[in-house]
Visitor: 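Got a structure for you, written out below as structure tokens; questions coming shortly.
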Amino acid sequence: MALGIGVIGVGVMGRRHADNIGGLAPRARLLAVTDSDAEAARSTADYLGADWYANADDLLARSDIQAVVIATGSDTHAELVVKAADRGKDILCEKPLALTVPDAERAAAAAEANGVRLQVGFMRRYDPAYKEAFEAIAQGEIGHPVLFAGISRDAQPPPRSYFTGAGAGGLFIDSGNHDFDLARWLMQDEVSSVSASGGIVASPELADVQPIDVGLATLTFRNGAMGTVALYRRAVYGYDIRTEVLGTEGAVMIGGHTKHAVRFLRPGRSTSEVQMHWLDRFAEAYRLEVADWVQRMATDRPPTITATDGVRAVQLSVAAEESRATGRPINLPTY
Ligand SMILES: NC(=O)c1ccc[n+]([C@@H]2O[C@H](COP(=O)([O-])OP(=O)(O)OC[C@H]3O[C@@H](n4cnc5c(N)ncnc54)[C@H](O)[C@@H]3O)[C@@H](O)[C@H]2O)c1
């Protein structure tokens, strides 16, 4: 029988997930979508041949929906995860799991208490290049990982409304959440302390809605390895995501490959082709993410990326923001 799926929040990300689920028949069926913007819900439902609701409670009340994707604004994730878990739905929740550590823990606890499976949308783990790097590191091909470097740059900042809605929480939680997850996953270790700083360097017009448009976090891992996460909102030339892991016997670099020794990056005049949007750069990852999640939900297997992964990434994002705001390094709890 097809897995009945509902999508909560059909903005940019939710529509992409809904579309990808549409391609997974007959294993899965998109039965309904919901959005607090009723027009967004109606138009997406019409296009994909599903039912629609203006209220998430109505979608969650349907017994033929076994699993839901939550792709609403980040400030609503924890509350909706709790509601969906209480209704017995398996969940794929977009990152970040929550904006605060207590909310992330509350969401994870609700999933556990209700015996539902909660996956967090760290789709970079499904990107073929990241997956290959992970497997090479796990097989010891670069020795022991000692240094992590994550770079995430948006081409342009999102509209002002994003910072108080969908992308609430600031740069370290909105964008950095992905890099902090990659750091734990690729380095195969937990972070013991975070130091971070940041400021507004290129988007003064956004200073009243976001404290920083550039952010740098230094991570110390439990085994002594170190890492940096460098975030930037306005790269102008494109959407630029790169990661490097240096090990005792080699290094692996993901993203930014080119044959040219010198590269110039300017809007529309780059000497190598540059991705402009995350929906293009990670199109395959989003497809593979939903396909793997559906397969696992339909066959009673645990999710690939767990609620604990979601909580840990929130802990790191929040610690980075706290360090930036206070100027102090933040120690993480020992688990
Ligand atoms: N994994 C990724 O690469 C990635 C990329 C972009 C965004 N995201 C995450 O996805 C989420 C959505 O981002 P977006 O860019 O699609 O934003 P968006 O503003 O385009 O979409 C959010 C939608 O949720 C709806 N909504 C808000 N609160 C709701 C509620 N309580 N019930 C029902 N609908 C509600 C809004 O009306 C809107 O249509 C964010 O948490 C963001 O961090 C993840």
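Indexing begins at 1, ligand by ligand and atom by atom, following the structure's order.
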Visitor: Looking at ligand 1, does Phe282 have a heavy atom less than 4.0 Å from it?
Guide: no
Visitor: How does Tyr286 reach ligand 1, by side chain, by backbone, by both or by neither, if only non-hydrogen atoms under 4.0 Å count?
Guide: side chain
Visitor: Who gets closest to atom 15 (O) of ligand 1 by heavy atom: Val120, Leu80, Val12, Val7?
Guide: Val12
Visitor: Salt bridge or not between Lys131 and Asp127? Use side-chain N to carboxylate O under 4.0 Å.
Guide: no
Visitor: Strictly distance-based, threshold 3.5 Å: is any side-chain N or O of Asn114 a donor or acceptor partner for the main-chain N or O of Ala110?
Guide: yes
Visitor: Measuring from non-hydrogen atoms of Gly167 to any atom of ligand 1, is the shortest distance under 4.0 Å?
Guide: no
Visitor: I'd like to know if Leu182 and Val314 are part of one continuous hydrophobic network [Ile/Leu/Val/Met/Phe/Trp/Tyr, side-chain heavy atoms within less than 4.5 Å].
Guide: no
Visitor: Quick one: does ligand 1 sit under 4.0 Å from the side chain of Phe122, the backbone, both or neither, non-hydrogen atoms only?
Guide: neither
Visitor: For atom 26 (N) of ligand 1, state which one of Gly169, Ser36, Gly14 supplies the nearest heavy atom.
Guide: Ser36
Visitor: So between Ile8, Thr44, Thr34, Asp35, whose heavy atom ends up nearest atom 39 (O) of ligand 1?
Guide: Asp35
Visitor: Starting from atom 4 (C) of ligand 1, locate the nearest protein heavy atom and write down its residue, its atom name and how far away it is, to 0.1 Å.
Guide: Met13 SD, 3.6 Å
Visitor: Salt bridge or not between Lys83 and Asp57? Use side-chain N to carboxylate O under 4.0 Å.
Guide: yes
Visitor: What's the shortest distance from atom 9 (C) of ligand 1 to any protein heavy atom, and which residue and atom give it?
Guide: Lys95 O, 3.6 Å
Visitor: Please output the side-chain donor-acceptor pairs of residues 216-228 that fall under 3.5 Å, not counting sequence neighbours, one pair per line with the distance.
Guide:
residue, atom, partner, partner atom, Å
Asn223, OD1, Ala225, N, 2.9
Asn223, ND2, Asp189, OD2, 3.3

Visitor: Heavy atom under 4.0 Å from ligand 1: found in Ala40's side chain, backbone, both, or neither?
Guide: neither
Visitor: Salt bridge check, Arg312 against Asp309: does any charged N sit closer than 4.0 Å to a carboxylate O?
Guide: no
Visitor: For the residue pair His178 and Phe122, does the interplanar ring angle fall in the parallel (under 30°), tilted (30 to 60°) or perpendicular (over 60°) class?
Guide: perpendicular
Visitor: Taking only non-hydrogen atoms of His178, do any sit less than 4.0 angstrom from ligand 1?
Guide: yes
Visitor: Look at ligand 1 and say whether Gly121 reaches it with a heavy atom at a distance under 4.0 Å.
Guide: yes
Visitor: Quick one: which ligand 1 atoms are inside 4.0 Å of a heavy atom on Asp174?
Guide: 43 (O)
Visitor: May I ask you to test the Leu206-Arg160 pair for a side-chain heavy-atom distance under 4.5 Å?
Guide: yes
Visitor: Among all protein heavy atoms in this structure, tell me which lies nearest to atom 19 (O) of ligand 1, with the distance rounded to 0.1 Å.
Guide: Ala166 CB, 3.5 Å
Visitor: Can you check which of Glu94, Glu79, His77, Arg124 brings a heavy atom nearest to atom 8 (N) of ligand 1?
Guide: Glu94
Visitor: Check whether any side-chain heavy atom of Met276 sits under 4.5 Å from a side-chain heavy atom of Arg281, and report yes or no.
Guide: no
Visitor: What residue and heavy atom of the protein are closest to atom 32 (N) of ligand 1, and at what distance?
Guide: Thr72 CG2, 3.9 Å
Visitor: Please tell me whether Leu3 and Val68 are part of a single hydrophobic cluster in this structure, the criterion being side-chain heavy atoms less than 4.5 Å apart.
Guide: no
Visitor: Group every Ile, Leu, Val, Met, Phe, Trp and Tyr by side-chain heavy-atom contacts under 4.5 Å, then state whether Trp278 and Val69 land in the same group.
Guide: no
Visitor: What protein heavy atom sits nearest atom 21 (O) of ligand 1, and how far off is it?
Guide: Gly11 CA, 3.2 Å
Visitor: With a 4.0 Å heavy-atom cut-off (strictly under), which part of Ala71 contacts ligand 1: side chain, backbone, both or neither?
Guide: backbone
Visitor: Out of all atoms in ligand 1, which are within 4.0 Å of some heavy atom of Met123? Include the element for each.
Guide: 1 (N), 2 (C), 3 (O)
Visitor: Identify each donor-acceptor pair in which a side-chain atom of residues 5-29 lies under 3.5 Å from a protein atom, sequence neighbours left out, and give them as a table.
Guide:
residue, atom, partner, partner atom, Å
Arg15, NH1, Val10, O, 3.1
Arg16, NH1, Leu279, O, 3.2
His17, NE2, Glu94, OE2, 2.8
Arg27, NH1, Gln295, OE1, 2.9

